[in-house]
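This report concerns only the one structure given below.
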Amino acid sequence: MPLTRKGAATRQRIVEGTAEQIREDGVFAVRLEDVMARTATSKSQLFHYFPGGKDDLLLAVARHEADRVLEDQQPELGALTDWDAWQRWRDKVLARYRAQGANCPLHTALAQLGGATDATRAVACELLAQWQRQLAAGIRHLQADGATAPHLDADREAAALLAGIQGGVLILMTSGSATHLEAALDTGLARLRGTVGTGA
């Protein structure tokens, strides 16, 4: 049964409050009692919106954080029409993950739930697919304008760039250094630039 507008707002308030708490204290410190206090929610309300308890709530947080990953890259990610736009997007991604540091609410929520479940896999796959589609669209813009080689497989290039970003983010979360993320972004963009007028 669809939620009323008020119900949807209440559910969203709980999700956002939980996400904030995870950012502050880490996912392992989150207790439902703390979420209820933070969001002014009763136990009956919490279980009304999240019948499976903490696992349902964390899955909703994971979806929320996955959406934020893409929202935080806008409008740049949706407008990769020239090299200046790509540079602005690169700078925004790097700034976002530098500010986030080792604390990634999406990763911690998914890790707590277990990355191999159908639900968590669906959240992760949907995020990556949307991200890759927008990168590929940007590469096709460059190809249409002659700013990168027309023979490149835009989807494959986008996949490689995204894989580099995710690897860099994982290293950042482990080491606290954004060096590898910056290198992945710069190398990926340099490859696209370097193919102009070549058969590479």
Side-chain angles (χ1 to χ4, degrees), residues 1-78 89 92-135 162-163 165-178 181:
M1 180 176 177
L3 294 175
T4 64
R5 182 177 297 180
K6 182 178 179 181
T10 300
R11 187 181 188 280
Q12 185 65 18
R13 186 182 76 244
I14 296 169
V15 169
E16 290 177 356
T18 307
E20 289 169 3
Q21 189 156 342
I22 289 173
R23 290 188 207 106
E24 292 172 9
D25 303 326
V27 71
F28 297 108
V30 171
R31 300 182 311 148
L32 293 183
E33 293 84 356
D34 297 330
V35 171
M36 288 186 283
R38 185 182 192 114
T39 61
T41 305
S42 68
K43 187 173 183 178
S44 61
Q45 278 182 308
L46 189 69
F47 280 90
H48 171 72
Y49 295 112
F50 306 98
K54 189 173 181 180
D55 280 358
D56 273 6
L57 176 57
L58 289 178
L59 185 60
V61 170
R63 288 196 179 102
H64 170 74
E65 293 297 340
D67 289 341
R68 284 192 68 229
V69 168
L70 298 180
E71 288 168 6
D72 287 352
Q73 296 177 55
Q74 300 299 350
E76 289 80 5
L77 180 60
W89 167 77
K92 194 165 196 175
V93 170
L94 196 54
R96 179 195 195 276
Y97 283 107
R98 276 178 172 156
Q100 177 177 281
N103 180 22
C104 176
L106 172 62
H107 176 82
T108 51
L110 290 174
Q112 173 73 1
L113 289 164
T117 68
D118 289 343
T120 55
R121 188 181 295 113
V123 170
C125 287
E126 183 179 349
L127 164 65
L128 294 173
Q130 289 185 46
W131 198 345
Q132 183 175 327
R133 280 196 298 271
Q134 294 194 60
L135 291 173
L162 182 53
I165 293 169
Q166 289 302 297
V169 169
L170 183 60
I171 294 173
L172 187 156
M173 290 174 58
T174 303
S175 68
S177 170
L181 174 59

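What's counted below: heavy atoms across the whole structure, side chains too, no hydrogens, waters or symmetry copies.
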Query raised in the report: Between Arg13 and Ala40, what is the shortest heavy-atom contact and its length?
Result: NH2-O, 3.7 Å
**Report entry** Nearest heavy-atom neighbours spanning Leu46 and Val35
**Finding:** CD1-CG1, 4.4 Å
**Report entry** Expected output: side-chain Lys92 to main-chain Gln74 donor-acceptor under 3.5 Å
**Finding:** yes
Query - Non-hydrogen side-chain atoms of Gln12 and His64 separated by less than 4.5 Å - result: yes
**Report entry** Donor-acceptor side-chain pairing of Gln134 and Gln130 below 3.5 angstrom
**Finding:** no
Query raised in the report: Which pair of heavy atoms, one from Val69 and one from Tyr97, lies closest together, and at what distance?
Result: CG1-OH, 3.9 Å
Query raised in the report: Can you list the residues that meet the side-chain hydrogen bond (donor to acceptor under 3.5 Å, both in side chains) rule with Gln132, with sequence neighbours excluded?
Result: none
Query - Test side-chain hydrogen bond (donor to acceptor under 3.5 Å, both in side chains) applied to Thr39 - qualifying residues, sequence neighbours left out - result: Thr41
Report summary line: Rounded to the nearest 0.5 Å, the CG atom of Leu70 sits from the CD atom of Glu126 at a distance of 9.0 Å
Report summary line: Sequence neighbours excluded, the answer for side-chain hydrogen bond (donor to acceptor under 3.5 Å, both in side chains) partners of Arg96 is Asp72, Gln100
Query raised in the report: Looking only at heavy atoms, what is the nearest atom pair of Glu65 and Ala19, with distance?
Result: OE2-CB, 3.1 Å
Query raised in the report: What distance separates Lys6 NZ from Thr10 OG1, expressed to the nearest 0.5 Å?
Result: 6.5 Å
Query - Spacing of CG belonging to Leu135 relative to CG belonging to Leu77, to within rounding of 0.5 Å - result: 5.5 Å
Query raised in the report: How far does CE of Met36 sit from NZ of Lys43, to the nearest 0.5 angstrom?
Result: 6.5 Å
Report task. Applying salt bridge (Lys or Arg N to Asp or Glu O under 4.0 Å), name anything that partners Arg38, two or more places apart in sequence or on another chain. Result -> Glu20, Glu24
Query - Euclidean distance, Ile171 CD1 relative to Gln166 CD, rounded to 0.5 Å - result: 11.5 Å
**Report entry** Spatial distance of atom CG (Leu170) from atom CG (Leu181) [nearest 0.5 Å]
**Finding:** 11.0 Å
Report task. List for me each residue that meets side-chain hydrogen bond (donor to acceptor under 3.5 Å, both in side chains) alongside Gln73, sequence neighbours excluded, and say none if there are none. Result -> Trp89, Trp131
Query raised in the report: For Leu3 and Tyr49, what are the C-alpha separation, side-chain angles and deciding distance, and is it a side-chain contact (heavy atoms from CB on, under 4.5 Å)?
Result: CA-CA 9 Å; Leu3 294 175; Tyr49 295 112; 3.8 Å; yes
**Report entry** Residues in side-chain contact (heavy atoms from CB on, under 4.5 Å) contact with Arg63, at least two apart in sequence or another chain
**Finding:** Leu59, Val123
Query raised in the report: Taking all atoms of both residues into account, what is the closest heavy-atom pair of Ala60 and Phe50, and its distance?
Result: CB-CE2, 3.6 Å
